[in-house]
Amino acid sequence: MYKYFPHTDEDLQAMLEKSGVKSLDDLYADVPESIRFRQQYNLPEAQSEMELRQLFNSMAELNEPLTCFTGAGIYDHYAPSIVQNLIERSEFLTSYTPYQAEISQGTLHYIFEYQSMMTELTGMDISNASMYDGATATAEAVMMAFSNAKKATKVLVSETVDPKTVRVVNTYAKFHGIDIVMVAAKDGVTDHDDLRAKLAEGGVAGVVVQAPNYFGIIEDFSGFADAAHEQKALFIINSIAADLAILKTPAEWGADIAVGDGQSLGIPMSFGGPGVGYMCCTEKLIRKMPGRIVGMTKDNRGQRAFVLTLQAREQHIRRQKATSNICSNQSLMALYVTIYLSVMGRQGLREVAEQSYAAAHYLADELLATGLCHLTYEQPFFNEFCVTFDDLKADDILDTCADWNIAAGVKIDDNTLMLAVTEQRTREEMDDLVNIIKRIKEDKA
């Protein structure tokens, strides 16, 4: 009857005898009768495979997919079908932590390739074998800066960093004795004067900025690295991974640590996760980096082999001496990114970025042409931008567009929306959004 249960009656009886009890109920003898559930479970009757498929198909038909103009850290990019088909292979889908190198060569190999691709994308020397997401990767970078400093206890974070990321950083910092000091924003970008003033106060272990920043703006970080290094602080850049195909790399800006989320590399939005946090750094910081690093070597037969290296961390030593308390990582998502990057190649990544950039600027121009709004910040942007409406409320636009199955962006304030455009959005979809907004204005007139 229970053909998928792993234990036979004989197995269960042997375990009960070893445990010194007569029945499974005896294992719960200490649970008071007053709180035990003695009724029948409210479960449906068994169904055939065909009936189950019909049930789930009918449930799926209730979904109403939205045309997506939302971003704020999660982006609607296309992934070739080969990616999904490959990661669903059983040897990948069921893999966990490759402690035993001799039986984990496949997993170790793709992690090595992931590291190689991320260092190429960011321009940095070293990559670890992935983090949970971009926010926790940033928090871990803050802890690296704190650990690297001798006496400094402050880390400066720009107000243009994603608020969700800042909240995670604050949570980590609170329990590690790190003071997070926010650097003011001016016209949508980091205030250079405020940054230098706060650095001059001393005691700074690191500086965190974002590229493109939370508002989609491409910031100029000229001089930031030098200013940080003069105060013995590390310079940390959180970047949207896909945008690095055409933007300046963290290495070109002089960053010591590059972090962010790799979700933009084809990973489905999936209601906000999972993503995959990446972390890359300069070689001199390698022993401060949390997570795993896979290296390539040769075995005793001279054949190429992959191994976990620099394992003096989490799972391998005492917890209090570890570089961080990460005990796993989303290796399946790292594999997803690896396959996506290998399939797309340099040219494919660049085309995605260029199409997203062009589409975003087309939508911005069309919205401005209505005369109903203006750019919130007169700054260069990539594929995400903010517009402020003169006489329309953001909530009204979002609600009305939702009725037309369009997710029309992220509300920044009562009159401001932030919209993201990727290569998946067509001109017709963007025109529909603009026309709906014009109709909202006409209805209110």
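The only option from D413, N415, T376 that meets the side chain to side chain donor-acceptor pair (under 3.5 Å) definition with T388 turns out to be T376.
With a 4.5 Å cut-off on side-chain heavy atoms, I240 and P212 count as touching. Considering only heavy atoms from C-beta on, L372 stays 4.5 Å or farther from V387 through its side chain. Side-chain contact between V259 and I237 is absent, with no heavy atoms from C-beta onward closer than 4.5 Å. For the pair C280 and P250, the minimum side-chain heavy-atom distance is 4.5 Å or more. In this structure, the side chains of C401 and L433 come closer than 4.5 Å at one or more pairs of heavy atoms.
Considering only residues two or more places apart in sequence or on other chains, F389 meets the ring-ring contact (aromatic ring centres under 6.0 Å, His included) condition with none of them. For K198, the side chain to side chain donor-acceptor pair (under 3.5 Å) criterion is met by D194, not counting sequence neighbours. K150 pairs by the side chain to side chain contact (heavy atoms under 4.5 Å, CB included) definition with nothing, not counting sequence neighbours. Take F37 and apply the ring-ring contact (aromatic ring centres under 6.0 Å, His included) test, not counting sequence neighbours, and it matches Y41. Residues passing the ring-ring contact (aromatic ring centres under 6.0 Å, His included) test with F215 are Y377, sequence neighbours excluded. Take I180 and apply the side chain to side chain contact (heavy atoms under 4.5 Å, CB included) test, not counting sequence neighbours, and it matches V142, V155, V157, V169, N170, A173, I178, M182. Shown here are the ring-ring contact (aromatic ring centres under 6.0 Å, His included) partners of F146, two or more places apart in sequence or in another chain: there are none. Not a single salt bridge (Lys or Arg N to Asp or Glu O under 4.0 Å) links K18 to another residue, sequence neighbours left out. The side chain to side chain contact (heavy atoms under 4.5 Å, CB included) search around D261 returns D133, Q263, not counting sequence neighbours. Every residue two or more places apart in sequence or in another chain that forms a side chain to side chain donor-acceptor pair (under 3.5 Å) with D395 is listed here: K411. Considering only residues two or more places apart in sequence or on other chains, I218 meets the side chain to side chain contact (heavy atoms under 4.5 Å, CB included) condition with L247, F382.
A donor-acceptor pair is defined here as one N or O able to donate and one able to accept, closer than 3.5 Å; no such pair exists between the side chain of N148 and the backbone of K288. The backbone N or O of E429 lies less than 3.5 Å from a partner atom in the side chain of T426, making a donor-acceptor pair. With T416 contributing its side chain and I412 its backbone, the two residues share no donor-acceptor pair below 3.5 Å. Side chain of Y172 to main chain of A139: no donor-acceptor pair is present (N/O by atom type, distance under 3.5 Å, no hydrogens or angles). Here the side chain of T338 pairs a donor or acceptor atom with the backbone of A334 at under 3.5 angstrom. Looking only at distances, no side-chain donor or acceptor of T165 sits under 3.5 Å from a matching main-chain atom of V161. No donor-acceptor pair under 3.5 Å is formed between the side chain of R425 and the backbone N or O of F69. Looking only at distances, a side-chain donor or acceptor of S342 sits under 3.5 Å from a matching main-chain atom of I339. Using a distance-only test at 3.5 Å, with no hydrogens or angles considered, no donor-acceptor pair links the side chain of N213 to the main chain of V209. A donor-acceptor distance shorter than 3.5 angstrom exists from the side chain of Q210 to the backbone of D162, with no hydrogens or angles considered.
Atom CD1 in I74 sits 11.0 Å away from atom CG in D76 (nearest 0.5 Å). Separation of atoms CE (M118) and CG (L265) is listed at 6.0 Å; rounding is to 0.5 Å. We find the CE-CD distance between M279 and E140 to be 6.0 Å, quoted to the nearest 0.5 Å. Distance CG/N405 to CG/D432: 11.5 Å, rounded to 0.5 Å.
Closest non-hydrogen pair, Q115 versus R292, comes out as OE1-O, 4.0 Å. The minimum heavy-atom distance between A145 and G206, with the atom names listed, is CB-CA, 4.1 Å. The two residues T282 and M124 make their nearest non-hydrogen contact at N-CE, 3.9 Å. Scanning all heavy atoms of the two residues, the minimum distance from Y336 to G266 falls at OH-O, 3.0 Å. Listed here is the closest heavy atom pair of M333 and G275: CG-O, 3.5 Å. The two atoms that bring A360 and N383 nearest to each other are CB-CA, 3.5 Å, heavy atoms only.
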Kindly determine whether Y78 and T422 satisfy side chain to side chain donor-acceptor pair (under 3.5 Å), including the steps that lead there. CA-CA 9 Å; Y78 173 77; T422 68; over 6 Å; no
Audit row: M131, V276, side chain to side chain contact (heavy atoms under 4.5 Å, CB included) steps and yes/no: CA-CA 6 Å; M131 317 284 281; V276 56; over 6 Å; no
Would T249 and T122 count as a side chain to side chain donor-acceptor pair (under 3.5 Å) here? Give the steps. CA-CA 5 Å; T249 65; T122 61; over 6 Å; no
Under the salt bridge (charged side-chain N to carboxylate O under 4.0 Å, His left out) rule, what do R38 and E33 come out as? Steps first, then yes or no, please. CA-CA 9 Å; R38 294 295 189 182; E33 186 68 29; 3.0 Å; yes
Would you sort out whether L66 and I406 count as a side chain to side chain contact (heavy atoms under 4.5 Å, CB included), showing the intermediate values? CA-CA 5 Å; L66 303 181; I406 296 175; over 6 Å; no
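Salt bridge annotation for E201-K154: present, with a cationic side-chain nitrogen under 4.0 angstrom from a carboxylate oxygen. At a threshold of 4.0 Å, the pair D391-K444 does not count as salt-bridged, since none of the basic side-chain nitrogens sits closer than that to a carboxylate oxygen.
Between the side chains of T119 and S127, no donor N or O sits under 3.5 Å from an acceptor N or O. Defined by atom type and a distance below 3.5 Å, a donor-acceptor pair is present between the side-chain atoms of T138 and N238. When only modelled atom types and interatomic distance are considered, T160 and E219 share a side-chain donor-acceptor pair under 3.5 Å.
Taking the six-membered ring for Trp and thresholds of 30 and 60 degrees, Y75 and H77 have ring planes inclined between 30 and 60 degrees apart. Ring pair F235/F221 is perpendicular by interplanar angle, where above 60° counts as perpendicular and below 30° as parallel.
Applying the side chain to side chain donor-acceptor pair (under 3.5 Å) definition to pairs two or more places apart or across chains, those involving residues 50-64 are S48-E51, E49-R53.
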